Structure formats: structure tokens, C-alpha cells
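A short worksheet on the structure shown next.
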Amino acid sequence: MNLIQMKTPLVEMDGDEMTRILWQWIKDILITPYVDLKTEYYDLGLRHREETKDQVTFDSAEATKKYGVAVKCATITPNASRMTEYNLTEMWKSPNGTIRAILDGTVFRTPILVKGVTPYIPTWTKPITIARHAYGDIYKNTEMKVQSGCKAELVVTDKDGNETRQLIHDFKDDGIIQGVHNRDNSIAGFARSCFNYALDMKQDLWFAAKDTISKQYDHRFKDIFAEIFEAEYKEKFEAAGISFFYTLIDDAVARVIRSNGGYIWACKNYDGDVMSDMVSTAYGSLAMMTSVLVSPSGVYEYEAAHGTVQRHYYKHLQGEETSTNSVATIFAWSGALRKRGELDGTPELMAFADKLEKATIQTIEEGVMTGDLYALSSLENKQKVSSKAFLEAINTRLAALL
């Protein structure tokens with residue numbers, strides 16, 4: 001068959017450990033046999049980030065701005081043990097945090113539902129999409145240790161050099177402090193992204209924060225959402241038959257657990273980080289969730305919402321066969337290819353992405369799956385297969401669909 005053509009490259013961000021292995025297998029087995037794949041490649045593996053002093057991460061984000069669509073593999077965010085393991089000169093920051101700060105925007109994460117896997121919360125019959133603000137808060141923090149006897153103050157200097165001071169704490173013993181920030185423009189972009197996504201999906205939108213405690217910081221988020229909704233989106237939501245409301249984050253958690261799903265839950269950066277893992281796990285598996293960063297300027301970055309699967313990687317290095325779930329990474333590729341096709345006006349590329357996803361779900365629902373889903377599935381004739389055999393089973397169905 002003739003290869004499906006691409007007009008514009010994707011930005012391809014390679015990653016680490018077992019997901020890096022799966023990344024190459026996915027391309028070799030499911031994409032390049034069918035698509036004349038064009039990418040601008042960036043190696044975000046930790047060794048190359050060290051070699052480039054993390055410049056490669058910044059370069060990949062700028063390339064994403066240029067081309068409009070990126071697909072990213074899972075990457076290591078180093079801790080103290082990784083410093084030793086990889087002989088790092090610096091504890092490099094999270095690539096996701098760096099890229100999100102440069103692109104600014106919102107991360108939308110939605111679970112992938114399949115027959116035979118019942119969520120741990122059985123009332124969740126429809127997917128819950130987490131909309132996570134992708135800028136600021138603790139992901140762009142400034143922090144330091146403080147010794148006993150120190151006084152910590154929040155100091156803001158205006159353009160004329162005038163200072164406003166506010167006491168943080170008078171330390172009688174050793175401690176720590178942390179400074180976080182956000183920007184009105186970024187919060188407004190977050191709000192509009194959420195409102196637009198809700199209209200596209202025709203789903204209700206919730207936004208939750210903690211303005212009762214954070215009476216300036218979180219309340220600013222609440223006010224900006226409310227102002228933009230009233231001025232720009234209220235009538236559109238009414239016409240679409242959907243709703244928007246604000247509630248406290250603890251109230252939202254209680255509502256979510258009692259719900260049937262089928263809505264978008266907008267969260268600040270840290271809340272979205274935590275809640276997306278909770279939601280994806282409760283639906284069955286961290287590897288069964290799509291994730292896309294949408295910037296206010298219309299730039300898209302697709303990724304898997306899980307880590308690098310370190311334990312399976314070490315088994316792989318020892319020659320052992322693994323049964324690693326690659327669904328989220330497959331859907332990162334399919335999402336990026338579909339968006340590339342949409343932006344470039346190449347419907348055959350969009351159709352390929354649809355069929356790749358259909359083949360993946362069909363494989364699982366016909367009983368062929370990796371170990372994590374095998375342990376959860378209620379299907380009678382289920383079969384646990386290796387990481388590579390799972391991709392080959394998908395390819396059999398994909399070839400038939402094509």
C-alpha cells in the first residue's frame with residue numbers, strides 16, 4: 001500500500017527507560033509501515049539533557065511553537081538517586097514543567113474506557129476529563145531553607161522602586177519557605193481553554209480551588225473564571241445546554257466520587273497533577289489516559305500521562321520479557337497525527353489515527369492485553385501478552401481496518 005503522506009512535521013520528543021523502548025516499537029510496528037512519518041526529533045532522554053545542560057528541552061518547546069503539534073514520550077524528573085545513577089551535574093527540572101511554562105496553557109487528561117474493565121468506582125460510567133492549568137504555582141517555585149532566628153518576608157518592588165512588605169514568618173527554629181506565583185494572562189488563557197473545550201465536548205465544566213483559605217491567590221483564579229464566563233461564554237453555554245460552576249476543591253472531590261462522570265473538572269496546576277493520577281487509576285490504569293497540552297495560541301503537545309516504567313525497564317535490560325501497557329503512548333501518537341491532519345487538511349492522516357485507536361481498543365476488548373489490564377479485566381477468554389506481542393496484535397487489527 002502507498003504510505004499516507006504528511007505535509008508538516010510533528011515535533012517528536014523522545015524519552016526515558018521502558019517508555020523509550022515502547023516509543024521505538026510503536027513507530028516501527030504501528031506507524032512507519034503506514035505513514036511517511038515526518039518529525040523534527042529531540043532526544044529528551046536524561047543523558048542527552050545532561051549533555052546539553054537541558055538546552056534540548058527548551059529547544060523542543062520552541063520547535064513546538066513553530067510547528068504547532070508535538071508528541072512526547074515519558075521522561076525522568078531526576079531526584080537525588082538519579083543524580084548518582086546518571087552522574088548528573090545538576091538536578092534538572094521536570095521537562096514537562098519546562099515545556100508547559102514555555103507553551104503556557106491547559107493539560108486535558110481523559111481516561112480511555114474499554115469493555116471488561118470496570119472502574120474501581122463503579123458509578124463512573126462516563127469519562128471524567130481533568131483540565132490542569134499548566135503554568136506556575138509550585139512548578140515554577142522559589143524555595144530555600146531558613147535557619148532559626150531569621151525573619152522571612154514577602155517583598156514586592158514596583159516599577160518606581162517602592163517596596164511593599166508582608167511578614168511570612170518569624171522563625172524561632174529552623175524551617176523552609178517557598179514562593180509561588182501566577183499571571184492573570186495565564187489564568188485567563190486557562191479559563192478560555194476550559195470553556196472552549198467544554199463547548200467542543202458539550203460537557204459541563206467544574207472549576208475548584210480553595211479561596212476560603214487562599215483569599216488572594218486562589219480567589220484570583222475564581223474571579224477571572226467568573227468574569228470571563230459572564231462576559232464571553234454564559235450565553236454560549238446556555239445555547240449548548242451545559243453548565244459551569246465553581247466549588248471548593250474538597251467539595252469537588254466529594255461530588256466526583258458520587259458522580260457518574262461525563263464532565264470536565266478544571267484544577268490548578270498541583271491539584272490537576274494529583275487528581276489526574278487518582279482519576280486514571282480509579283478508572284483502571286495510569287496507562288489508560290490521554291493527555292494533551294493546549295496553549296492559548298493553538299499549539300498542541302500530546303503525551304502519556306504516566307512515568308517511564310522504571311521497574312519494567314530494569315527487567316528489559318536483564319533480558320526479561322515485560323508486559324507493559326503502551327495504550328497511553330499509542331494514543332499520544334494518534335492524537336498528534338490526528339491534529340496534524342486536521343491542521344494540514346489531510347483527512348487520510350486523521351482517518352489513520354482513528355483506526356489506530358479503534359484497533360487498540362478492539363485488541364483489548366477481544367481479550368488480548370498487557371498484565372495491568374489482565375488483572376482487572378472481567379472478560380472470560382482474556383490473554384496476557386508481552387509488551388511487543390500486544391503491539392503486534394494491534395497491528396494485525398490495524399492492517400485489517402486499513
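Values reported hereafter were calculated over all heavy atoms of this structure, with side chains retained and with hydrogens, waters and symmetry mates removed. What you are looking at is a predicted structure, and each value in this text was computed from that prediction instead of being measured.
Between the side chains of Gln178 and Thr142, no donor-acceptor pair of N or O atoms lies under 3.5 Å. Side chains of Thr322 and Lys388: a donor-acceptor N/O pair is absent below 3.5 angstrom, by distance only. A donor-acceptor contact closer than 3.5 angstrom is absent between the side chains of Thr64 and Glu301. No side-chain donor-acceptor contact under 3.5 Å links Tyr217 and Asp211. Judged by distance alone, the side chains of Glu40 and Tyr67 do bring a donor and an acceptor atom under 3.5 Å apart. Side chains of Thr324 and His312: a donor on one and an acceptor on the other come within 3.5 Å.
Annotation: Phe225 is not in aromatic contact with Tyr246 [ring centroid separation under 6.0 Å not met].
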Donor-acceptor pairs under 3.5 angstrom involving side-chain atoms of residues 112-126: please list them, not counting sequence neighbours.
from   : atom 1 : to     : atom 2 : distance (Å)
Thr123 : OG1    : Ser259 : O      : 3.1
Trp124 : NE1    : Val256 : O      : 2.9

Side-chain donor-acceptor pairs under 3.5 Å in residues 303-311, sequence neighbours left out?
from   : atom 1 : to     : atom 2 : distance (Å)
Glu303 : OE2    : Arg100 : NH2    : 2.8
Thr308 : OG1    : Glu17  : OE1    : 2.6
Gln310 : NE2    : Tyr314 : OH     : 2.8

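Note: Phe171 and His169 have perpendicular aromatic rings, judged against thresholds of 30 and 60 degrees for the angle between ring planes. Ring geometry, Phe195 versus Phe229: the interplanar angle falls from 30° to 60°, so the pair is classed tilted. A perpendicular orientation is assigned to the rings of Phe207 and Phe190, their planes being inclined by more than 60° (bins at 30° and 60°). Ring geometry, Tyr233 versus Phe237: the interplanar angle exceeds 60°, so the pair is classed perpendicular (tilted spans 30 to 60°).
Residues Thr77 and Lys93 are not in side-chain contact: their nearest non-hydrogen atoms beyond the backbone lie 4.5 Å or more apart. Contact check for Ile29 versus Glu392: side-chain heavy atoms found under the 4.5 Å cut-off.
Ionic pairing of Asp251 and Arg255 is present here: one or more N-O contacts between side-chain nitrogen and carboxylate oxygen are shorter than 4.0 angstrom.
Geometrically, Arg132 does not engage Tyr197 in a cation-pi contact, judged by NZ or CZ lying under 6.0 Å from the ring centre and within 45° of the ring axis.
For Ser276 (side chain) and Asp273 (main-chain N/O), a donor-acceptor pair under 3.5 Å exists by modelled atom type. The closest donor-acceptor contact from the side chain of Asp54 to the backbone of Arg49 lies at 3.5 Å or more, if one exists at all. Between the Thr360 side chain and the Leu356 main chain, a donor and an acceptor come within less than 3.5 Å of each other. Of the possible polar contacts, none joining the Thr346 side chain to the Leu349 backbone as a donor-acceptor pair under 3.5 Å is found.
Residues satisfying the ring-ring contact (aromatic ring centres under 6.0 Å, His included) test with Trp206, not counting sequence neighbours, are Phe245, Tyr263.
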Verdict with supporting geometry, Asp372 and Thr370, side-chain hydrogen bond (donor to acceptor under 3.5 Å, both in side chains): CA-CA 6 Å; Asp372 60 328; Thr370 49; 2.8 Å; yes

Working for ring pair (Phe, Tyr, Trp, His ring centres under 6.0 Å), residues His133 and Tyr270: CA-CA 8 Å; His133 189 207; Tyr270 177 78; over 10 Å; no

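More than 12 non-hydrogen atoms from other residues, nucleotides or ligands lie less than 6.0 angstrom from CD of Glu238.
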